[in-house]
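Read the structure below first, then the notes.
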Amino acid sequence: MQQDWSERFAQRAQRMTSSAIRELLKVTEQPDVISFAGGLPAPEAFPIGEVAEAAQRILRDQGACALQYGATDGYRPLRGWVAETLRATGVPVSAEHVLITTGSQQALDLLGKVFLDPGDRVVVEAPTYLAALQAWNAYGASYLEVPADDDGMRTSALKPLLRQAPKFVYCLPNFQNPSGVTLSRARRERLVALATEHRAVVIEDDPYRDLRFEGEDLPRLIELASADSGAPGSEYDGSVIYACTFSKVISPGLRVGAVVAPFEVIHKLTQAKQSADLHTAMLNQMLVYELVQSGLLQRHVAVIVDMYRARRDVMLDAMARSFPARVRWTHPAGGLFLWVTLPAGVDAAALLPTAVAAGVAFVPGGPFHPSGAPVNTLRLNFSNASHEQIREGIARLGGILGASLSEPERLAVPAAAR
Ligand SMILES: Cc1ncc(COP(=O)(O)O)c(C=O)c1O
């Protein structure tokens, strides 16, 4: 007898959905489509030779260790390196404050697993990182959205949300995915002050920090929280939990990230990770450590920052030339993405089939909002296409926008559907 599997799935599984982006990427994998839809680093920049040499060195010098089971909390030298990086900016952490995760996506999932009961509230920026919502939907999160502008989360709107006792506030301070905007210094300070006042936990997700094209680094929230709390010399016990990753600065395929938090949180996350995957692949952790130790990270970041800055500039220039006047977009100072706002009421998702038919793809903005609105936005990635592809793809998109915006009635969202 055939099973009705949908009846067998747990309630948790019913809440799981496929990422709109992953589904979209399948369509855009056709070779003739110029895709600005994914969030992929430039493959031509991957440090393949250095990774191969490092792998050989590791397997020659400590082969068995690299192929054996390892500790759940991670390869200790790498934990120490992550801690040292933060300690250099005044965050009083040691290796014990660090859990190595299978990408920072796993950190987000584990944080959901240990913090969220069904119905718990989470404060997110609007728009926010889609796969965080996906992770937390499974645990039954409900969302409170903070509006954002060119300076990131509008902290002036945060207070009433904090009064609703959210389990945590999720913030992407640098070159946010999807909008590309960066939280200003004043708002960082305000966010940490408000979180302290309301005893709120903040999850700082920071995959793009090192991909800064111009301007000065701004303090991490965890740095500000450290300055605020604890006697000099005491260990980190702040309310900011920090997630970072080597995906965007070395390789996403290695799946190595980290989470930094007070001991008690790391201990609980480690228990949660044990049942998820025992530990992150040892060889990959050792590779990442070898590469950061050898100075590859700094050299490689310098190369990709130049490459992505140039690609961003080509995209901004092409947009200025070919997008209709009523379209607005962000000017990211780093990262991989920028965010386009079409005139109010225009549905970006409705434009996508026309765009794909014309050989260019983007991600409509709706799914980046837990509430699904507004629909007149879209995300463009600039790291994964050549200058020629960017010029051509943006010209195609500009043509589609130009033609579509002159027929507003065809694309306008019926009031009932907004
Ligand atoms: C904001 C944000 N957080 C987390 C991740 C997950 O990255 P990874 O699991 O590859 O470290 C991504 C990837 O795109 C991201 O944009």
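In listed order, ligands and their atoms are each counted from 1.
No part of Gln176 comes within 4.0 Å of ligand 1, judged by heavy-atom distances. Counting heavy atoms under 4.0 Å from ligand 1, residue Tyr208 touches it through the side chain alone. Proximity of Ser104 to ligand 1, defined as any heavy-atom pair under 4.0 Å, is shared by backbone and side chain alike.
Residue contacts with ligand 1 include Pro207, since one or more of its heavy atoms lies under 4.0 Å from the ligand. Residue contact check for ligand 1: Arg255 places a non-hydrogen atom closer than 4.0 Å to it.
Each of the following atoms of ligand 1 lies closer than 4.0 Å to a heavy atom of Leu172: 1 (C). Taking every non-hydrogen atom of Ser247 and a distance limit under 4.0 Å, the qualifying atoms of ligand 1 come out as 8 (P), 10 (O), 11 (O). Short contacts between ligand 1 and Thr245, defined as distances under 4.0 Å to a heavy atom of the residue, involve ligand atoms 8 (P), 11 (O).
Shortest contact from atom 5 (C) of ligand 1 to any protein heavy atom: Tyr129 OH, 3.3 Å. Nearest non-hydrogen protein atom to atom 3 (N) of ligand 1 is Asp205 OD2, 2.6 Å. The protein atom (non-hydrogen) at minimum distance from atom 14 (O) of ligand 1 is Lys248 NZ, 2.8 Å.
Under the 3.5 Å distance criterion, with hydrogens and angles disregarded, no donor-acceptor pair is assigned to the side chains of Arg311 and Asn384. Of the N and O atoms on the side chains of Ser179 and Gln176, at least one donor lies less than 3.5 Å from an acceptor on the other residue. For the residue pair Asp205 / Tyr170, a side-chain donor-acceptor distance below 3.5 Å is found, with atom types taken as modelled. With no hydrogens or angles considered, no side-chain donor-acceptor pair links Thr270 and Thr72 at under 3.5 Å.
Not less than 6.0 angstrom separates the ring centroid of Trp81 from the ring centroid of Tyr289.
Looking at Asn177 next to ligand 1, an N or O pair under 3.5 Å apart turns up. Some N or O of Gln105 is nearer than 3.5 Å to an N or O of ligand 1, by distance alone.
Judged purely by atom type and a 3.5 angstrom limit, Lys113 uses its side chain to pair as donor or acceptor with the backbone of Ala272.
The salt bridge (Lys or Arg N to Asp or Glu O under 4.0 Å) pairs that include a residue from residues 266-276 are Lys273-Asp277, where partners are two or more places apart or lie in different chains.
Closest approach of Ile222 and Tyr242 over heavy atoms only: CD1-CB, 3.8 Å.
Checked for salt-bridge contact, Glu214 and Arg312 meet the test: a charged N lies under 4.0 Å from a carboxylate O.
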